[in-house]
S.K.: 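Please see the structure below; I have some questions.
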Amino acid sequence: MLQTAFIRENRDKVIQALGKRNFDATPLVDEVIALDEKRRHTQVELDTILSESNKLSKDIGELMKAGEKAKATLLKERTGQFKEKSKELSEILATTTEALTQVLYKLPNTPADIVPVGKTPEENVEIHREGDIPTLFEGALPHWDLIKKYDIIDFELGVKISGPGFPVYKGKGAKLQRALIAYFLDKNTDAGYNEYQVPHLVNEASGYGTGQLPDKEGQMYHDAADDLYLIPTSEVPVTNIFRDVILAENELPVMATAYTPCFRREAGSWGASVRGLNRLHQFDKVEIVRIEHPDNSYAALDGMVEHVKNLLQELKLPYRILRLCGGDMGFTSALTYDFEVFSTAQDRWLEISSVSNFETFQANRLKLRFRDKEGKNHLAHTLNGSSLALPRVLAGILENYQTPEGIVIPEVLRPYTGFDIIN
RNA sequence: AGAGGGGUGGCCGAGUGGUCUAAGGCGCACGCCUGGAAAGCGUGUAUACUCCAAAAGGGUAUCGAGGGUUCGAAUCCCUUCCCCUCUGCCA
């Protein structure tokens, strides 16, 4: 959520920045400014009345104590007018504040200066490409055929137990999943990220904290009986650890990593391009989260990009990095880099990681602050990224590492799998 | 799930309608003292919104959360969440 004071003081700048999202924010921004004006005005009025009313009550208290009941009764008669007026004003204040919040929820984050202009994914800017695209042998298969051939992932079984999009991993497939999770977590903790195990169901406040609510309500599974949401990413529980927290400046940066399954309803987003592992309702992901000093957050973002690059280099997968254009960025992000692995058998790029700086957008909702040396509080910057999302990495490995003899396991994973080929 | 007890500042803890502007302690910061430190003494120590061009300094709200009673609520009433103890169930 953008900061009201910032919008008030930088109206044109905000509108211009949001224009990069191909979004005319003028009406919403002006609504924010008008509501904020009304809120402040109402608050001044209300505070004045409450102040006078408090004084009067104190006087009554002193008179009662002194035994001057008649005088006290006289003063009591004057309180009626305050009461009515203050009730009226506090109702106006409450509805105005609520209306303001609702408008603020509709405003996405302002893109950073270097975010390219553009509307569609085609206008994302490729900033890096690395790794050799292998030449596959005659008869090479896409991963949805490979998993059947080697009997390592069973979609039909998942349909039986749950429904489409809930695969069952079997045998070496299951072991490979576990290996990837362990490998990613080890790499992350080696890089200084602190490992967490977090709840997979979160409350409404957490959903609002990281911005999934109210923007993406329909994307999350919701347990009505207990009013809990299944997490769409571990970003939600991990970042919410720091909701309503004031950190000391020397506690920054906070670096966290967690493995969780992720649950996404993906309502209405199924089609021909989402076969196999390309899109699922439940998938595994290892996430990295950072809380940074505003001065350092973009350097931290670069560090996270380097870290993810390193994972893909070690896995020897051909990949590229895109700087997302304004039209393709997520609601809460100020700058996002997407990592894509080339799926040779599908002849297309698959997104496997998204690394973003949210600046103060999440921190403002989370009330996540840090105290500087002068004792003043400021909103921190939050960042996160996948390192990595498993299904498409798996798809990339299966397709790019296939040989007529079977699927070769990348070397760095062998200590974790205990086998070097799936056949 | 049932019965009982309880949620107060960074922490412990007092407070059952009116100097609560929340006692006292611990912690922390600064100062005095000291050769240096400890002890001791003194001062300060929340968050949000807001007024003032800014600073200084004010105002309002916040004692788990929300609502109510009252001129006035940490304190009384209602709703709700959470924690503890016992019982039950259970990996």
Side-chain angles (χ1 to χ4, degrees), chain A residues 1-10 32-104 197 199-209 213 222-229 237 240-252 254 261 360 362-380:
Chain A
M1 186 158 72
L2 296 173
Q3 294 167 263
T4 311
F6 184 82
I7 294 174
R8 189 168 68 215
E9 286 154 25
N10 301 277
V32 166
I33 291 169
L35 284 168
D36 178 52
E37 175 74 34
K38 187 179 177 188
R39 177 188 63 86
R40 276 153 60 217
H41 181 259
T42 308
Q43 181 160 0
V44 170
E45 236 184 304
L46 175 63
D47 285 359
T48 309
I49 283 170
L50 286 177
S51 175
E52 284 173 34
S53 165
N54 284 346
K55 258 179 231 149
L56 208 53
S57 292
K58 203 164 274 181
D59 290 346
I60 292 169
E62 271 162 33
L63 288 172
M64 296 290 275
K65 202 155 207 180
E68 306 202 52
K69 270 201 170 160
K71 280 188 182 171
T73 312
L74 216 62
L75 282 187
K76 270 194 202 180
E77 282 164 16
R78 287 175 49 195
T79 57
Q81 45 169 335
F82 289 132
K83 226 183 169 184
E84 211 168 297
K85 190 71 184 164
S86 74
K87 193 173 181 184
E88 189 188 313
L89 284 170
S90 55
E91 271 166 22
I92 294 173
L93 184 64
T95 52
T96 308
T97 306
E98 175 59 22
L100 177 60
T101 305
Q102 289 307 320
V103 180
L104 285 169
Q197 281 203 14
H200 299 169
L201 283 86
V202 294
N203 58 28
E204 195 179 51
S206 294
Y208 275 97
L213 293 174
H222 180 233
D223 164 35
D226 292 300
D227 197 19
L228 294 169
Y229 294 86
N240 272 280
I241 291 170
F242 302 95
R243 172 154 46 87
D244 288 316
V245 167
I246 302 174
L247 296 161
E249 191 169 355
N250 63 16
E251 290 177 274
L252 298 175
V254 172
T360 59
Q362 289 183 328
N364 191 29
R365 286 199 194 180
L366 291 161
K367 297 192 182 70
L368 164 53
R369 291 152 291 174
F370 70 93
R371 199 188 312 277
D372 70 17
K373 289 175 190 85
E374 282 79 46
K376 282 192 175 169
N377 296 331
H378 308 273
L379 292 174

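Every chain is numbered from 1, with letters handed out A, B, ... down the list of sequences. All values reported here derive from a predicted model rather than from experimental measurement.
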S.K.: Please measure how far the P atom in B:A46 lies from the corresponding atom in B:A23, and state the result in whole Å.
M.R.: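 Here B:A46 and B:A23 have their P atoms 13 Å from each other.
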S.K.: Using a cut-off of strictly less than 4.0 Å between a heavy atom of the residue and any atom of RNA chain B, enumerate the qualifying residues of residues 79-92 of chain A by number.
M.R.: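 Here the set is A:T79, A:K83.
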S.K.: When you compare B:U69 with B:C81, how far apart are their C1' atoms, in angstrom units rounded to a whole number?
M.R.: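 Here B:U69 and B:C81 have their C1' atoms 23 Å from each other.
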S.K.: Which whole number of Å gives the distance between the P atom of B:G31 and that of B:C51?
M.R.: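 Comparing P positions in B:G31 and B:C51 gives a spacing of 36 Å.
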S.K.: Between B:U21, B:U47, B:C71, spot the one nearest the side chain of A:S57, thanks.
M.R.: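 Closest nucleotide among those given: B:C71.
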S.K.: With rounding to the closest Å, how many angstrom separate the C1' atoms on B:A73 and B:G17?
M.R.: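 It comes out at 7 Å once rounded to the nearest Å.
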S.K.: B:C49 pairs with which nucleotide, Watson-Crick or G-U wobble, both distances below 3.5 Å?
M.R.: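 B:G59 is the nucleotide pairing with B:C49.
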S.K.: Spell out protein contact along nucleotides 52-64 of chain B as letters: B when the base is contacted, S when just the sugar-phosphate is, - when no protein heavy atom is under 4.0 Å; keep the 5' to 3' order.
M.R.: -------BSS---
S.K.: Partner of B:A29 by Watson-Crick or G-U wobble geometry, both contacts under 3.5 Å, or none?
M.R.: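 Looking at the geometry, B:A29 pairs with B:U43.
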S.K.: Using the P atoms only, state how far B:A22 lies from B:U45, rounded to an integer number of Å.
M.R.: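 Between the two P atoms, the distance is 11 Å.
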S.K.: Consider the side chain of A:I60, meaning its heavy atoms from C-beta on, and name the nucleotide among B:A48, B:C51, B:C71 that approaches it most closely.
M.R.: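 So the nucleotide nearest the side chain must be B:C71.
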S.K.: Check nucleotides 75-83 of chain B against the protein and report each pair of N or O atoms closer than 3.5 Å, with its distance, or say if there are none.
M.R.:
none

